[in-house]
Participant: 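Sharing a structure with you now.
Order of appearance sets the numbers: ligands from 1, and atoms from 1 within every ligand. These numbers come from the heavy atoms of this one structure, side chains and all, not from hydrogens, waters or symmetry mates.
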Amino acid sequence: MPATPAAIAEPVIQTRQVRKTFAAVGGHDRCVALAGVDLDVTQSEVVVIIGPSGSGKSTLLRTLNGLETVDSGTITVAGRKVTDQRTDLPALRADVGMVFQHFNLFLHKTALENVALPQRIVRGRSRSQAEEIAMSFLKRVGVDDRRDHYPSQLSGGQQQRVAIARALAMHPQVMLFDEATSALDPEMVGGILDLMRELASEGMTMAVVTHEMGFARDVADRVIFMDGGGIVEQGAPEELFDGARNARTRQFLSQIH
Ligand SMILES: Nc1ncnc2c1ncn2[C@@H]1O[C@H](COP(=O)(O)OP(=O)(O)OP(=O)(O)O)[C@@H](O)[C@H]1O
């Protein structure tokens, strides 16, 4: 009997010709942050986005969960049409966890409340259910002993762990990391990268903007080099780091090594 062809999985992230401009400071021309980006990320794929400052990396991530609107183009993430104005943004953001450089915790809420609150608001869980789930995720990321601490009473690394727990407690289909370790003291960086490694090995679909090239080399399935608001070159880590074809990629890599 002929084998049934495997179903072709829909990409978890799909962008088509995404263009985003911002008003330029003091000028008439608009600043082009994204100049027509096409990106497909498949289930369980870990994509690391690198590129010079201002190349559009953060803007791209932020458009994926609707934190930035786009001028034109289409985006579908976790089965939701992000660029459709009728899309339920809170539900989208629950399915698409995002971790920021500066943690973005609720400053007047404890670690436990930070993780429990979005579950109650967006997922409709009861307080006790939300807190039970929150505790299990605080434990998972190693800060359950800090449950009653406010963000100001936590180290940067601990705050980032709480932020990761908050995203994971929503059972996201995708995780976006925007320079998650850039604001941390050097001794905190390794622990957060290890946590990200663990998520990747468990099959989480991830798009990661980072300057940590060691992480990109070890963990990424694909590295994407952006410049001038576009994807210039992409490939497996060894292809990109050891055999970049584009002169702009090679120049960027030579500056950071
Ligand atoms: N809110 C905004 N208002 C105006 N211009 C913006 C805004 N956000 C981004 N830009 C501009 O869009 C371009 C892309 O910025 P973006 O932050 O996406 O780059 P990046 O590659 O993430 O940079 P970095 O590595 O420095 O974080 C830059 O020219 C930036 O100045």
Participant: Does D194 come within less than 4.0 Å of R197, counting only side-chain N to carboxylate O?
Facilitator: yes
Participant: Which residue owns the protein heavy atom closest to atom 21 (O) of ligand 1, what's the atom, and how far is it?
Facilitator: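 Ranked first by proximity to atom 21 (O) of ligand 1 is K57 NZ, 2.7 Å.
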Participant: Using the six-membered ring of F137, assess whether NZ or CZ of R161 lies under 6.0 Å from its centre and within 45 degrees of the ring axis.
Facilitator: no
Participant: Please determine if G51 has a nitrogen or oxygen closer than 3.5 Å to a nitrogen or oxygen of ligand 1.
Facilitator: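 N/O-N/O distance below 3.5 Å does not exist for this pair.
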Participant: Give me the nearest non-hydrogen protein atom to atom 22 (O) of ligand 1 as residue plus atom name, then the distance to 0.1 Å.
Facilitator: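 Protein heavy atom with the smallest distance to atom 22 (O) of ligand 1: S58 N, 2.9 Å.
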Participant: Any Lys/Arg nitrogen of E202 or R140 sitting under 4.0 Å from an Asp/Glu carboxylate oxygen of the other?
Facilitator: yes
Participant: May I ask you to identify the nearest protein heavy atom to atom 3 (N) of ligand 1, giving residue, atom name and distance to one decimal place in Å?
Facilitator: F22 CD2, 3.5 Å
Participant: Can you report which non-hydrogen protein atom sits closest to atom 23 (O) of ligand 1, along with the distance?
Facilitator: G54 N, 2.8 Å
Participant: Is any NZ, NE, NH1 or NH2 atom of the basic residue among D242 and R217 found under 4.0 Å from an Asp or Glu carboxylate oxygen of the other?
Facilitator: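 Yes, charged N to carboxylate O under 4.0 Å.
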Participant: Considering only non-hydrogen protein atoms, determine which one is nearest to atom 12 (O) of ligand 1 and report residue, atom name and distance to 0.1 Å.
Facilitator: A33 CB, 3.4 Å
Participant: For P52, take its heavy atoms, then give the atoms of ligand 1 lying under 4.0 Å from any of them.
Facilitator: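 Taking each heavy atom of P52 in turn, ligand 1 has 21 (O) under 4.0 Å.
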Participant: Can a protein heavy atom be found under 4.0 Å away from atom 30 (C) of ligand 1?
Facilitator: no
Participant: Please tell me if the side chains of F215 and M196 come closer than 4.5 Å, counting only heavy atoms from C-beta onward.
Facilitator: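 Touching, per the 4.5 Å side-chain cut-off.
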Participant: Identify, by atom number and element, the atoms of ligand 1 in contact range of S53, meaning under 4.0 Å from any of its heavy atoms.
Facilitator: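 Within the 4.0 Å cut-off of S53, ligand 1 contributes 23 (O), 24 (P), 25 (O), 26 (O).
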Participant: Report, in ascending order of atom number, the atoms of ligand 1 lying under 4.0 Å from any heavy atom of S55.
Facilitator: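 Once the distances to S55 are compared, the set is 19 (O), 20 (P), 21 (O).
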Participant: For the residue pair E233 and T249, confirm or rule out a side-chain donor-acceptor distance under 3.5 Å.
Facilitator: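 Yes, side-chain donor-acceptor contact under 3.5 Å.
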Participant: Measure the distance from atom 18 (O) of ligand 1 to every protein heavy atom, then report the residue, atom name and distance (to 0.1 Å) of the closest one.
Facilitator: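 So the nearest neighbour among protein heavy atoms is T59 OG1, 2.5 Å.
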Participant: Can you tell me which residue among I192, D218, V189, V48 is in a side chain to side chain contact (heavy atoms under 4.5 Å, CB included) with E212?
Facilitator: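 Per the side chain to side chain contact (heavy atoms under 4.5 Å, CB included) rule, the option paired with E212 is V189, out of I192, D218, V189, V48.
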Participant: Is the shortest N/O to N/O distance between A23 and ligand 1 below 3.5 Å?
Facilitator: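 A23 vs ligand 1: no N/O contact under 3.5 Å.
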Participant: Answer yes when D227 and R248 have at least one side-chain N-carboxylate O distance shorter than 4.0 Å, and no when they do not.
Facilitator: yes
Participant: With a 4.0 Å heavy-atom cut-off (strictly under), which part of C31 contacts ligand 1: side chain, backbone, both or neither?
Facilitator: side chain
Participant: Is there side-chain contact between I50 and V223, with at least one heavy-atom pair below 4.5 Å?
Facilitator: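 The answer is yes; the side chains approach within 4.5 Å.
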Participant: Counting only heavy atoms closer than 4.0 Å, does ligand 1 sit against the backbone of E179, its side chain, both, or neither?
Facilitator: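 The side chain, only.
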